[in-house]
Amino acid sequence: SRSSRELRDNIAGVFTKRKLDEDTLQDLEDVLLRADLGLETAMRVTDALASGRYGKDISGEEVQAVMAEEIEKVLAPVAMPLELDLSHKPHVILVVGVNGTGKTTTIGKLAAKLVEGGLSVTLGAGDTFRAAAIEQLRIWGERTGSPVVSSKLGADAAGLAFDAYEKAKEAGSDVLIIDTAGRLQNKAELMAELEKIVRVLGKHDPDAPHTVLQTVDATTGQNALNQVEIFRNVAGVNGLVMTKLDGTARGGILVSIAAKHKLPVYFIGVGEQVDDLEPFSASDFAKAIAGVA
Amino acid sequence: MFESLQERLGSILNGLTGRGALSEADVSAALREVRRALIEADVALDVVRSFTDRVREKAVGAEVLKSIKPGQMVVKIVHDELVEMLGAEGETIDLNAPAPVVVMMVGLQGSGKTTTTGKIAKRMTERQGKKVLMASLDTRRPAAQEQLRQIGEQTGVATLPVVPDQSPVDIAKRAVQAAKLGGHDVVILDTAGRTHIDEPLMVEMADIKRVSNPHEILLVADSLTGQDAVNLANNFNDRVGITGLVLTRMDGDGRGGAALSMRAVTGKPIKLIGVGEKMDALEEFHPKRIADRILGMGDIVSLVERA
Ligand SMILES: Nc1nc2c(ncn2[C@@H]2O[C@H](COP(=O)(O)OP(=O)(O)OP(=O)(O)O)[C@@H](O)[C@H]2O)c(=O)[nH]1
Ligand SMILES: Nc1nc2c(ncn2[C@@H]2O[C@H](COP(=O)(O)OP(=O)(O)OP(=O)(O)O)[C@@H](O)[C@H]2O)c(=O)[nH]1
Ligand SMILES: [Mg+2]
Ligand SMILES: [Mg+2]
């Protein structure tokens with residue numbers, strides 16, 4: 001990809017065969033900072049890289065390989081496929097996250113995958129706030145052949161979630177995916193609404209929502225750590241999708257998030273089209289950050 | 001949360017007991033902490049570097065006022081420099097051109113272009129008594145045109161009727177034409193989100209500019225953006241020559257370092273900030289407030305100003 005090529009040039013520029021000293025480590029830390037890993041995580045990676053190698057001669061390729069390895073170590077435990085418990089019918093997936101991070105689009109892509117896998121999917125238009133959010137989800141419903149349960153702009157989102165469950169149950173759907181309005185994690189009132197959606201779903205099935213998926217935008221900087229922290233506390237997020245990795249942002253904050261929260265990362269978003277959702281690969285992601293081809 | 005810069009600098013510099021001038025060594029020690037603070041606030045690395053260089057120049061040899069501590073002195077210098085780099089306030093959208101004045105909104109996917117289009121249109125209508133037309137050129141994202149239509153209904157601002165299967169360039173032409181015929185003062189073009197490395201879409205954006213001749217081209221960017229802020233701002237600016245920035249989601253709890261990054265690399269003013277999802281959640285930009293926020297500090301500066 002283009003970003004890993006740039007990064008490789010970047011590293012090559014600062015690092016041909018030379019001693020692994022303070023200056024070199026600083027240069028490597030800079031590479032990680034530019035990928036949004038954040039200071040603490042960047043230093044942890046460079047420390048790990050330096051241990052046992054400090055003062056020795058090391059080539060650019062070796063450094064990249066080791067850097068990728070160190071990052072992969074953090075990410076490998078969170079790279080997991082999304083598993084559905086189909087003894088729950090429907091298995092409920094609630095999708096949450098900050099405004100514009102890609103919730104609705106990810107739902108469309110995910111529905112396509114599930115339908116392709118032979119499952120029947122119902123979508124719940126739980127974003128009753130944003131203009132044309134319902135119409136947007138309806139188009140994804142048409143594209144993927146999934147019925148959409150919706151109410152009106154301004155209606156109660158928890159009420160919609162409750163109804164959507166009933167409709168999905170009646171229809172015998174395997175999976176119900178519920179969209180929610182984007183919200184910033186520091187808005188107490190909006191976060192309380194999310195809590196209510198979770199509570200209301202529990203009236204139908206005490207284990208619902210079974211999957212609470214949070215979308216994290218790869219262009220977001222250090223604030224993403226806070227986003228995950230609070231959405232997890234309030235809505236019980238138990239899985240992540242990182243979107244918009246088709247740009248030049250590398251999404252390095254995911255390394256910090258993985259280290260801290262250990263939440264599974266199921267997919268990455270790499271575009272706006274229906275098949276632009278890929279499984280998360282720790283090794284590919286780590287290599288892209290370290291600039292290994 | 002973050003330890004404030006003042007606390008950090010205090011423990012490094014307060015041994016100096018507030019007499020004399022700041023030495024090179026004092027300043028270097030302080031700037032290491034400044035660097036950390038800026039990186040934690042998402043200021044792009046290259047911008048951090050040029051910023052600390054500027055501060056170094058001003059701080060070395062600066063007289064420390066008797067009534068304050070050296071740490072506070074450095075914070076004041078840092079803060080003042082930050083305010084200066086963020087640019088002057090009050091530079092808002094310029095409508096000084098023959099009607100209809102074309103305003104074009106550009107940016108990455110989901111940054112807040114459509115919402116901001118509605119907010120700006122509402123503001124111009126209500127505060128300046130302008131007759132505004134909004135047009136959605138987003139033929140790609142599902143229901144994007146419908147979104148702007150609904151926003152038009154909510155705000156009472158006219159929107160260009162949707163004609164199916166028209167290209168964004170054709171819609172732009174039609175919008176300008178309709179604004180002329182309809183006697184509109186301003187026409188705002190809401191474009192589709194695009195990544196700055198999507199070549200066909202970047203070409204499309206330049207084509208839209210060519211046919212509509214905008215007086216203002218506003219880059220709408222998320223204030224929560226990380227290090228990528230410089231790449232995206234540079235690329236959009238190179239391709240269409242933006243005239244200003246709008247930072248959205250300033251109602252979040254992000255530190256907003258992207259503001260400094262984008263301002264520094266483009267030299268273009270931050271014209272407005274988005275502070276919520278509602279149509280009146282748009283404010284003027286105040287560099288001092290954003291500087292405080294980037295540094296994560298409270299009243300230290302007013303303390304120093306009183307000294
Ligand atoms: N390039 C790219 N764009 C994406 C990706 N995922 C989503 N988008 C785009 O990002 C924008 C926002 O996506 P949405 O799905 O509407 O985001 P959302 O979180 O539902 O937004 P709100 O409901 O307004 O909070 C749209 O233009 C999408 O097409 C991705 O992986 N890559
Ligand atoms: N909290 C908050 N949300 C905002 C702000 N500006 C926009 N949003 C929200 O961000 C999301 C995306 O906004 P849009 O206006 O659809 O973004 P866009 O750039 O037009 O998106 P695309 O057309 O898909 O590229 C919506 O949920 C908006 O309500 C803001 O200043 N604060
Ligand atoms: Mg949505
Ligand atoms: Mg839009």
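Letters go in sequence order (proteins before strands), and every chain restarts at 1.
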Which pair of heavy atoms, one from [X] and one from [Y], lies closest together, and at what distance?
{"X": "Asp228(B)", "Y": "Asp36(A)", "result": "N-OD2, 4.4 Å"}
{"X": "Arg34(A)", "Y": "Gln227(B)", "result": "O-CB, 3.4 Å"}
{"X": "Gln147(B)", "Y": "Arg130(A)", "result": "NE2-NE, 3.5 Å"}
{"X": "Gln273(A)", "Y": "Arg140(B)", "result": "NE2-NH2, 4.5 Å"}
{"X": "Ile151(B)", "Y": "Ala131(A)", "result": "CG1-CB, 3.9 Å"}
{"X": "Gly182(A)", "Y": "Glu277(B)", "result": "O-OE1, 3.7 Å"}

query: Testing Gln185(A), Gln227(A), Lys187(A) for side chain to side chain donor-acceptor pair (under 3.5 Å) with Asp253(B), which one passes?
result: Gln185(A)
Of the listed residues ([options]), which shares the most heavy-atom pairs with chain A below a 4.5 Å separation?
{"options": "Val230(B), Asp42(B), Thr248(B)", "answer": "Asp42(B)"}
{"options": "Thr225(B), Leu45(B), Thr195(B)", "answer": "Leu45(B)"}
{"options": "Arg194(B), Arg35(B), Gln154(B)", "answer": "Arg35(B)"}

Could you tell me if the side chain of [Y] sits less than 4.5 Å from the side chain of [X], heavy atoms only?
{"X": "Gln109(B)", "Y": "Thr243(A)", "value": "no"}
{"X": "Asp198(B)", "Y": "Glu272(A)", "value": "no"}
{"X": "Leu224(B)", "Y": "Leu184(A)", "value": "yes"}

Atom CD of Glu199(B) with >12 non-hydrogen neighbours under 6.0 angstrom: yes
message: Would you say CD of Glu40(A) has more than 12 non-hydrogen atoms from neighbouring residues, nucleotides or ligands within 6.0 angstrom?
response: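 For Glu40(A), atom CD is not crowded (no more than 12 foreign heavy atoms under 6.0 Å).
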- request: Heavy atoms only, distances under 4.5 angstrom: which of Gly221(A), Gly108(A), Gly271(A) has the most pairs with chain B? Name it, please.
  value: Gly221(A)
message: Tell me which of these, Arg138(A), Gln136(A), Arg143(A), has more heavy-atom pairs under 4.5 Å with chain B than the rest.
response: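 The answer is Gln136(A).
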message: For Leu37(A), which atoms come within 4.5 Å of any heavy atom of chain B: side chain, backbone, both, or neither?
response: neither
Proximity breakdown for [X] and chain A, heavy-atom pairs closer than 4.5 Å:
{"X": "Arg141(B)", "value": "side chain"}
{"X": "Gln145(B)", "value": "neither"}
{"X": "Leu232(B)", "value": "neither"}

Gap separating the [atom1] atom of [X] from the [atom2] atom of [Y], nearest 0.5 angstrom:
{"X": "Leu153(A)", "Y": "Gln150(B)", "atom1": "CG", "atom2": "CD", "result": "6.0 Å"}
{"X": "Ile39(B)", "Y": "Asp30(A)", "atom1": "CD1", "atom2": "CG", "result": "7.0 Å"}
{"X": "Arg36(B)", "Y": "Leu39(A)", "atom1": "CZ", "atom2": "CG", "result": "5.5 Å"}

field: Check: Asn186(A) side chain, Asp251(B) main-chain N or O, donor-acceptor pair, under 3.5 Å
entry: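 Indeed, once roles are kept as given, a pair shorter than 3.5 Å links the two residues.
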